[in-house]
Amino acid sequence: MKGWTINVLDLGGHPIYNCRTEKFKERLCLLVQDAYGMFSEVQLQTLCSAENIEQHSRRWEGKSCILAGMRILQRTTRGRALGLFSLIDSLWPPLVPLKVPGQSQDCEPIKTDLPLPSFCYILTAQSDPKHINVDEEGQVTNFYQPPTVRGLKEILQVDDCNQRCSFWAQVIYRRLQVKCSASVGQKEFCLFVTDLTLQDGRKGDSRTPKTVPIYFAMSCVLTKEVMEALTTASHCVIFFKDALRGNGRIICVERTVLSLQKPLLFTAAEADFRELTGPVKLDELDSTTVANSICTIRGTVSGVNESTAFSWPTCNRCNGKLEPSPHPSGSYYCSLCSQTVILPVLKMQLEVFLYCPSQPHCTVKVKLLQKTISSLLMSSSTEDGSYEVKNVLGKEVGLLNCYVQSVTNLPSCVGLEEITLLEAGRN
Ligand SMILES: [Zn+2]
């Protein structure tokens, strides 16, 4: 094949499973379109680290390039590559008139009723860069349409049928080990995010949640930079490019790109994240609350789940677990600090039942965090300093931020776990 001029419309990551090494290897994939409107995906073998994906995205996206020496891996169709075609659909129809095979020049006016593409070639180059000649300094091609950046509220309102969406969002909570029915092919964590359009929702606008979970398919490639940002204790703002909206969820899949930086090729107004002005608000627990969401509650303690309540002494220096001391003088020993601990800190696990005025007929069970347990016990200790479970009954708790583990109807019952949201960043 001689040089073939194409336009790079999108870059993303795509992991390929290697049966021999039993590992995923990341590949850079370019979604390209030629002057006739035909789409192809070019998979590059050697540029495989996730860092490269973002780098190349910044350098190549929207540029024209010349391909040579490509090998056709397959001709794929809509039915076989839903993820790929959801991306193609987001770039269709083209912005410029297409050439027609057999006709000499661009005589076709722009058509808006062009049928959706039904097939796409998957191409590969063995030794990459010399087969791809990108004019990095060149103009952005007329074929390029940057993804439309929308607010989360608008994205949630769109009927979802495998549509790609791009948005800025503030990550306020990470959840590991998400239990879900379709756990196959899904990473074991999920992010709860929000933006100004969700936070601004009026009272009574019960259809728009204040926060939304973002799921991750195994096929989503994350850069080290993003992973690091996600594992810190403070919240971060992330740009999600080409996430998939489908089956009532937002999922990051193959070719979805997460980045902490402003994308290059956007109009100024769209490219900026509108900072949240106040503290993050969550939805209050009500009859529309679903499992795997986050909410706030307020209520009075109506019972204690005594079968799950227990306490253990911890080290006052390192929070580590303690062993009985070998010395007769001290009662505990910390093996991490190699010291006898005279004044251990008592930690507790406590699950309580709450009566919530907003949900009077619902059994609300909450696994509390240490800080709430401490303040609950502090206010209910007897004169001799001991705690009695019955003394916490009738105490008020809240507002608590909670993760919803389970929701059942008949009887109406909600299982919650108190959580700490990621702290607001310092800058
Ligand atoms: Zn210690």
Side-chain angles (χ1 to χ4, degrees), residues 1-12 14 28-44 56-125 131-150 158 161-166 241-242 244 254-257 263-267 270:
M1 199 189 288
K2 231 180 78 211
W4 174 41
T5 305
I6 48 95
N7 303 293
V8 182
L9 298 193
D10 195 280
L11 272 95
H14 190 301
L28 177 66
C29 45
L30 284 68
L31 185 63
V32 303
Q33 189 181 34
D34 68 9
Y36 301 95
M38 195 181 73
F39 284 98
S40 300
E41 183 178 76
V42 182
Q43 295 185 346
L44 299 184
H56 280 93
S57 195
R58 294 186 153 256
R59 282 165 47 199
W60 290 1
E61 194 164 304
K63 301 293 170 68
S64 286
C65 69
I66 298 170
L67 295 182
M70 292 287 132
R71 193 158 60 84
I72 296 176
L73 281 183
Q74 65 173 157
R75 178 185 184 274
T76 192
T77 55
R78 186 167 285 272
R80 276 189 285 169
L82 284 174
L84 177 58
F85 276 86
S86 64
L87 189 57
I88 289 175
D89 290 351
S90 73
L91 300 167
W92 193 260
L95 295 174
V96 288
L98 298 176
K99 283 191 183 172
V100 178
Q103 292 182 16
S104 58
Q105 260 325 303
D106 37 6
C107 41
E108 284 280 291
I110 296 181
K111 283 186 181 166
T112 49
D113 57 345
L114 288 167
L116 287 167
S118 58
F119 67 90
C120 173
Y121 287 105
I122 311 287
L123 311 173
T124 186
H131 292 290
I132 296 192
N133 191 354
V134 183
D135 182 10
E136 288 178 24
E137 305 302 315
Q139 296 273 317
V140 170
T141 154
N142 293 334
F143 279 79
Y144 181 69
Q145 1 186 346
T148 313
V149 183
R150 294 198 165 90
V158 171
C161 45
N162 284 330
Q163 283 196 23
R164 294 281 178 157
C165 54
S166 299
K241 178 170 158 278
D242 299 325
L244 192 65
E254 74 275 8
R255 305 173 185 90
T256 300
V257 179
L264 277 182
L265 302 166
F266 288 79
T267 57
E270 284 190 317

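Just so you know, these numbers use all the heavy atoms, side chains as well, and skip hydrogens, waters and symmetry mates.
Annotation: the span from L123 atom CG to I72 atom CD1 amounts to 6.0 Å, rounded to 0.5 Å. The CG atom of L82 sits 12.5 Å away from the CG atom of L87 when rounded to the nearest 0.5 Å. Between E61 atom CD and D10 atom CG the span is 5.0 Å, to the nearest 0.5 Å.
Side-chain atoms of Q163 never come within 3.5 Å of backbone atoms of D89 as a donor-acceptor pair (strictly under, hydrogens ignored). With T124 contributing its side chain and Q43 its backbone, the two residues share a donor-acceptor pair below 3.5 Å. A donor-acceptor contact shorter than 3.5 Å links the side chain of W92 to the backbone of P115. With hydrogens and angles disregarded, a donor-acceptor distance shorter than 3.5 Å links the side chain of T256 to the backbone of D242.
Between Q145 and P94, the closest heavy-atom pair is NE2-CA, 4.0 Å. C120 and S40 make their closest contact through SG-CA, 3.7 Å (heavy atoms, listed as atom of the first residue, atom of the second, distance). Summarising the geometry of L98 relative to F143, their closest heavy-atom pair is CD2-CE2, 4.0 Å, with the distance given to 0.1 Å. Here the closest heavy-atom approach between residue T5 and residue D34 is recorded as O-CB, 4.0 Å. Residues L28 and W60 approach most closely at CD2-CZ3, 4.4 Å, considering heavy atoms. Across every non-hydrogen atom of R255 and C29, the tightest pair is CG-SG, 3.9 Å.
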Just do the side-chain contact (heavy atoms from CB on, under 4.5 Å) check on N162 and F85 with the steps written out, would you?
CA-CA 9 Å; N162 284 330; F85 276 86; over 6 Å; no

Begin from the C-alpha positions of I6 and C65 and carry the test side-chain contact (heavy atoms from CB on, under 4.5 Å) through to its verdict.
CA-CA 6 Å; I6 48 95; C65 69; 3.1 Å; yes

Would you please test L31 and F39 for side-chain contact (heavy atoms from CB on, under 4.5 Å) and show each step?
CA-CA 7 Å; L31 185 63; F39 284 98; 4.1 Å; yes

Evaluate the criterion side-chain contact (heavy atoms from CB on, under 4.5 Å) for residue pair R78 and L116; output intermediate values, then yes/no.
CA-CA 10 Å; R78 186 167 285 272; L116 287 167; 3.5 Å; yes

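When side chains are defined from C-beta on, Q33 does not count as touching L91, because their heavy atoms never get closer than 4.5 Å. Side-chain atoms of K63 and Y144, non-hydrogen and from C-beta on, never get closer than 4.5 Å to each other.
Judged by distance alone, the side chains of R164 and S86 do bring a donor and an acceptor atom under 3.5 Å apart.
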